[in-house]
Amino acid sequence: AMGIVPRFIEPKSKYVLRDEEIPGAHNEIKSHTITSKYVVPMPISLPAPSAQSSRNSFSRGAHVLALYPGDSRFVKGVVSAAPGDSGG
């Protein structure tokens, strides 16, 4: 699930993750303390898909995380064809 990291606890090398999607029993926002093993930083913005750049173009065989359609879950994937590939 996606969340926001409001702070980093340096002595413990842990992140406080605020879960923006699943409210608690009384609609309070849940927080979790997790290690960096479970954190994948996401960019705040990306260029438009039509504007090809190094930030939105991946070569064949690259390992990526893709946002599951209509949801906020990410799935692991491997790029099978890149823009300009003759096979894609």
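Not measured: the values here are computed from a predicted model. Every heavy atom of this structure was used, including side-chain atoms; hydrogens, water molecules and symmetry mates were not. We count residues from 1, following the sequence as given.
- Residue Arg18 qualifies as enclosed at atom CZ: its count of foreign heavy atoms under 6.0 Å is above 12.
- Under a hydrophobic-cluster definition in which Ile, Leu, Val, Met, Phe, Trp and Tyr are linked whenever side-chain heavy atoms come within less than 4.5 Å, directly or via other members, Val16 and Val39 are assigned to different clusters.
- For the side-chain contact (heavy atoms from CB on, under 4.5 Å) with Tyr15, the lone residue among Thr33, Thr35, Val5, Ile9 that qualifies is Val5.
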